[in-house]
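The structure appears below as structure tokens.
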Amino acid sequence: MSQSEPPGGLFGLSYDRESELFETLKLVSTGIIVLIGVWPIYWMTQLAFTEYEVVERTVSVFPTPELFTFSNFAILTEPKMYTYIFNTTVVAIGTIITVVVVSLVAGYGLARLEFPQKENFARILLIGYLFSPIVIGIPLYQIWRTLGLLGARVGLIIALSAISMPFAVWLMWKYIMTIPEAHEEAAWVDGASRWRGFRDVVVPQCRPAIIAAALFAFAIAWNDFTFAEILLPATDTTTFAPGVLREMGQSQFLPDAYLMAVSLAMTLPPLLFAYFMQSYLLKGFQVRAL
Amino acid sequence: MASETGESVRPQRAYIPWDDLPVNRETVAGFGTVLPVIVLYLLIAVLPVAFAFWASLHDIHTLNPVWEWAGIDNYAQVLEISMFWGSLWRGIVYMVGSTLIQLAVGLWMALVLNRITRGQKLLTAVVFTAYLIPTIIVSLIALRVFDPQGGVFQMLGAEWFSLWDANQAPLGSQTWAMPLLILIGTWKFSVFITIFTLAQLRAIPNRFYEAAKVCGANRWQMFRDITLPRLTGIILVVVLLRSIFMFNKFDIIWQLTRGGPGNATTTLPVLAYKTVYTDQAYGLANAISVVMFLFLLVGAIGYFLVFNPSEEVETTA
């Protein structure tokens, strides 16, 4: 707005000086964020490409040609690591699908259908976050053992879905509230059933919330250590986090460079998600407060 | 919203037997939609907590399924063991320290990410990645960079700042273990606050700022009068969630220090886990987790009474 009179700046500074100061601050801040945000990921990457003997002994900042190697990634094809990563992927996908389907339906119900106590229901759900994974996990060990779900991926998927659920339901509920009901009414007038209206009108418009809920569920499942540690004692269903920690405890020598190579492989999917989905993600999270 | 056009446009269907029930069809459908949520919730929250409470009244050896009635003995024991109060205190230090630093860092990152013009998408993606990558990887990197053998942070701290000895592992030192746990957690979990705040910031229309500019407001006034009011609701919520999550945090602590050195980083979740798998006292561990839950419940109710973060519900949509 160049045509307007420049307003007075902060601390008695002129507007131009203030803008300059602000720009500098922004630049410095960006620098720091790049440093703390990118650096650990860079460090992991460079260690993953460096000969492991070197990693064990000295600090290398950049893998020079004679130290550069792809051989660390051989660990990805090792049966155990491969199984861990495969299990994590299965659990993550299973959790995402469960969470999205269940929260979409429940969110629709909460937003569009009248039934007693629905607000209180949504609030009580959030109390679920007061239960520490430990508080739930320890009894769940016994319950899952009784039900025969101990050591089964399905058991972990159920547990993780339930953990992501309250938040996803709440998100979906608030998001569907922002979609005008008139859109559905138009479909109903044309003779669509409630189900058709939900499927063809509401679901397509919910894409940002679906992606936000999916990403949240993905983060929970991809991250999970506590539940997997307690609920998956068997090796052939163990997921990455507890698996790799047990490997470290058991094997005499598991080079750090190898671990960094596996870590890099596990970091790429989240990075790609974050890059390509961020505008949807942010839009999905635009619902305000609880 | 529906009432504007009346109920008449709502789809009609053929006769279904439960139309005769004394409840509205919509009520049934409504409960139907949330039924899966209720089932999952019962299975994963209500049942385990009831189970934990019941188990906490018994003496149980972890590997031996015989339950011996103990009444409230376990609770008496929980409050007696000195480890409990120490762990509670360390848990509170960890929770408050982490939440405050994460709030500051998270807000700051969101404000900067919202304003930068070049490389915004890429930098945002990298920052978000921190929240999405498995905790174990954050732990592996942290263990690596703080390792006395070739760990770059360990070396910097020893040689440049003389914070620790050249061959000392900071994560294994009484003084440094807790602060480092807080800092490493901050790297990962601040992003949670960044995501929510950034979403809110993106939702503020630019014309608000332009209007304020015309009226002669400076940047601080714009922040105070436009940005901050839009953020308070979500800040109150994320602070509550983050405090709860940090108080309940088990994974990153266990992976980095296993509660050590000594008990320097043993918080209540770690104590509960150790009680199950090291001391094999399943009943006692459940008593610890019930007490933990009660602490959080009281804390959360207090927080709601003071700040009422759900106030915003009415103004949404």
Side chain, backbone, both or neither of Leu122(B) within contact of chain A (heavy atoms, under 4.5 Å): both
Heavy-atom closest pair, residues Ile141(B) and Pro40(A): CD1-O, 4.1 Å
Distance flag, aromatic centroids of Phe196(B) and Phe167(A), threshold under 6.0 Å: yes
Any donor-acceptor N/O pair, Gln278(A) side chain to Lys121(B) backbone, under 3.5 Å: yes
Asp251(B) side-chain N/O to Thr226(A) backbone N/O, donor-acceptor pair under 3.5 Å: no
Contact origin within Val145(B) toward chain A - heavy atom pairs under 4.5 Å: side chain
Residue part contacting chain A, namely of Lys249(B), when any heavy atom lies under 4.5 Å: neither
Max heavy-atom pair count under 4.5 Å with chain B, selected residue of Leu245(A), Ile41(A), Leu259(A): Leu245(A)
Contact origin within Tyr131(B) toward chain A - heavy atom pairs under 4.5 Å: both
Contacting region of Arg258(B) [heavy-atom separation from chain A under 4.5 Å]: side chain
Interface moiety of Met292(B) toward chain A, non-hydrogen atoms closer than 4.5 Å: side chain
Within 6.0 Å of CZ in Phe276(A), more than 12 heavy atoms from elsewhere: no
Proximity breakdown for Val276(B) and chain A, heavy-atom pairs closer than 4.5 Å: side chain
Side chain, backbone, both or neither of Tyr282(B) within contact of chain A (heavy atoms, under 4.5 Å): side chain
Closest-packed option against chain B by number of heavy-atom pairs under 4.5 Å, given Phe225(A), Phe273(A), Phe121(A): Phe225(A)
Residue part contacting chain B, namely of Val169(A), when any heavy atom lies under 4.5 Å: side chain
Best-contacting candidate, Val39(B), Val290(B), Thr124(B), Leu35(B), against chain A by heavy atom pairs under 4.5 angstrom: Thr124(B)
